[in-house]
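Let me begin by presenting the structure, written as structure tokens, before commenting on it.
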Amino acid sequence: MPSCMGEDKSSIVLKNISITGSQEKMLAALTESIIPKTKNFIGANDLKSHEFLLTMIDDCTSPDDQKKFVDGLEAFDKLSHDRFGQLFTGYTAEQKRELLQAIESKKDVSEEAIKFYGTVKRYTVQSFTSSKDYLT
């Protein structure tokens, strides 16, 4: 019966960090904003880059870095809500672009959110550039 109650669980099993399903959706939207799908080529969501990112954080980083990632995720959620009064997943493409440009320019953004975004971007690019589709 509890499984029918609509728990907000992540679809990926993680051993060392814990995220909600809403946070996973936000990560998927963020990675797709970093490398969007185009008419001629795949995007980050096609590669499930957010799952690669979470696996790398969970398996390959220190407990301290894992904590910083989760803290940064919460800071990013707060930042996105403070900017436009809603979560990142509800943003328009223009709002997403505007927020990411503010982070890139480090303009009125917390250090935690900047580091979080940098980590997400690095692993998204790594996932993309190591994919079969990109390499061929």
Side-chain angles (χ1 to χ4, degrees):
M1 197 68 168
S3 64
C4 298
M5 306 278 292
E7 291 182 37
D8 190 23
K9 288 189 172 185
S10 171
S11 67
I12 184 170
V13 177
L14 303 168
K15 296 175 282 191
N16 300 307
I17 62 173
S18 178
I19 65 162
T20 65
S22 299
Q23 290 171 325
E24 181 183 0
K25 288 177 187 164
M26 184 277 297
L27 284 169
L30 179 55
T31 59
E32 185 69 14
S33 295
I34 294 169
I35 301 180
K37 183 176 187 161
T38 65
K39 189 167 72 171
N40 300 322
F41 208 70
I42 60 170
N45 276 351
D46 296 317
L47 298 171
K48 298 186 187 268
S49 292
H50 70 286
E51 290 181 9
F52 173 82
L53 155 75
L54 289 170
T55 300
M56 293 299 284
I57 296 295
D58 195 55
D59 291 349
C60 303
T61 60
S62 69
D64 186 50
D65 287 341
Q66 292 167 353
K67 182 181 179 340
K68 287 178 185 176
F69 177 82
V70 172
D71 290 347
L73 180 110
E74 291 168 4
F76 183 88
D77 269 345
K78 182 179 180 335
L79 172 67
S80 65
H81 191 272
D82 290 349
R83 286 284 167 129
F84 294 108
Q86 61 184 338
L87 297 176
F88 188 77
T89 52
Y91 278 22
T92 64
E94 181 58 37
Q95 288 172 323
K96 288 177 183 177
R97 194 170 22 263
E98 184 179 319
L99 179 64
L100 298 186
Q101 286 173 343
I103 294 171
E104 291 274 352
S105 67
K106 300 177 183 178
K107 187 175 168 185
D108 298 325
V109 180
S110 72
E111 190 64 32
E112 288 176 318
I114 291 169
K115 288 182 179 181
F116 166 78
Y117 174 73
T119 300
V120 171
K121 185 175 180 180
R122 180 171 36 106
Y123 283 125
T124 300
V125 170
Q126 182 180 352
S127 168
F128 186 77
T129 58
S130 62
S131 72
K132 178 184 173 188
D133 293 308
Y134 177 82
L135 293 171
T136 56

Worksheet item: Considering residues at least two apart in sequence or located in another chain, which fulfil the side chain to side chain donor-acceptor pair (under 3.5 Å) criterion with K68?
Response: D64
Practice prompt. Of all the heavy-atom pairs spanning E32 and G43, show the shortest one and how long it is.
Written response: OE1-C, 3.7 Å
Review item, side-chain donor-acceptor pairs of residues 50-62, under 3.5 Å, at least two apart:
unit_1: H50; atom_1: NE2; unit_2: E24; atom_2: OE2; d: 3.4
unit_1: T55; atom_1: OG1; unit_2: E51; atom_2: O; d: 2.9
unit_1: D58; atom_1: OD1; unit_2: K15; atom_2: N; d: 3.4
unit_1: D58; atom_1: OD1; unit_2: N16; atom_2: N; d: 2.6
unit_1: D58; atom_1: OD1; unit_2: I17; atom_2: N; d: 3.0
unit_1: D58; atom_1: OD2; unit_2: K15; atom_2: N; d: 2.8
unit_1: T61; atom_1: OG1; unit_2: I57; atom_2: O; d: 2.5
unit_1: S62; atom_1: OG; unit_2: D65; atom_2: N; d: 3.1
unit_1: S62; atom_1: OG; unit_2: D65; atom_2: OD2; d: 3.4

Worksheet entry | Evaluation steps, side-chain contact (heavy atoms from CB on, under 4.5 Å), between V70 and K67 | CA-CA 5 Å; V70 172; K67 182 181 179 340; 5.9 Å; no
Worksheet item: Does the distance from a Lys or Arg side-chain N to an Asp or Glu carboxylate O, for K121 and E104, drop under 4.0 Å?
Response: yes
Fill in: Rounded distance (nearest 0.5 Å) linking atom CD of E74 with atom NZ of K78
12.0 Å
Worksheet item: What are the two closest non-hydrogen atoms of L135 and S130, and how far apart are they?
Response: CD1-O, 3.7 Å
Worksheet item: Side-chain contact, heavy-atom cut-off 4.5 Å: M26 with L87?
Response: no
Worksheet item: If we only count heavy atoms from C-beta on, is the K37 to N45 side-chain gap below 4.5 Å?
Response: no
Discussion item. Just so I know, are the side chains of Q101 and R97 near enough to count as touching, which here means a heavy-atom distance under 4.5 Å?
Written reply: yes
Discussion item. Looking at every non-hydrogen atom in both residues, tell me the closest pair between A113 and A75 and how far apart they are.
Written reply: N-CB, 4.0 Å
Worksheet, complete the sentence: Taken to the nearest 0.5 Å, the spacing of D82 CG from D77 CG works out to 10.5 Å
Practice prompt. For S127, enumerate each residue passing the side chain to side chain donor-acceptor pair (under 3.5 Å) test, keeping only those at least two apart in sequence or located in another chain.
Written response: S49
Practice prompt. Kindly indicate whether the side chain of I42, heavy atoms from C-beta on, has any atom under 4.5 Å from the side chain of Y134.
Written response: no
Worksheet entry | Side chain proximity check, L47 to D133, heavy atoms < 4.5 angstrom | yes
Worksheet item: Does any non-hydrogen side-chain atom of R83 lie less than 4.5 Å from one of D108?
Response: yes
Discussion item. Once rounded to the nearest 0.5 Å, what's the spacing between atom CD of Q126 and atom OG1 of T124?
Written reply: 10.0 Å
Worksheet entry | Counterpart residues, side chain to side chain donor-acceptor pair (under 3.5 Å), relative to K106 (two or more places apart) | none
Worksheet item: Is the shortest heavy-atom distance from the side chain of S80 to the side chain of L99 under 4.5 Å?
Response: yes
Item to complete: Would you name the heavy atoms of Q23 and S18 that are closest together and state the gap between them?
Response: OE1-O, 4.4 Å
Worksheet entry | From OH (Y117) to CG (L73), nearest 0.5 Å | 15.0 Å
Practice prompt. Kindly compute the distance separating CD1 (I35) from CG (D46), expressed to the nearest 0.5 Å.
Written response: 11.0 Å
Item to complete: Not counting sequence neighbours, which residues clear ring-ring contact (aromatic ring centres under 6.0 Å, His included) with F76? List them please.
Response: F88, F116
Practice prompt. Give every residue pair that meets the ring-ring contact (aromatic ring centres under 6.0 Å, His included) criterion with at least one member in residues 24-43, sequence neighbours excluded.
Written response: F41-F128
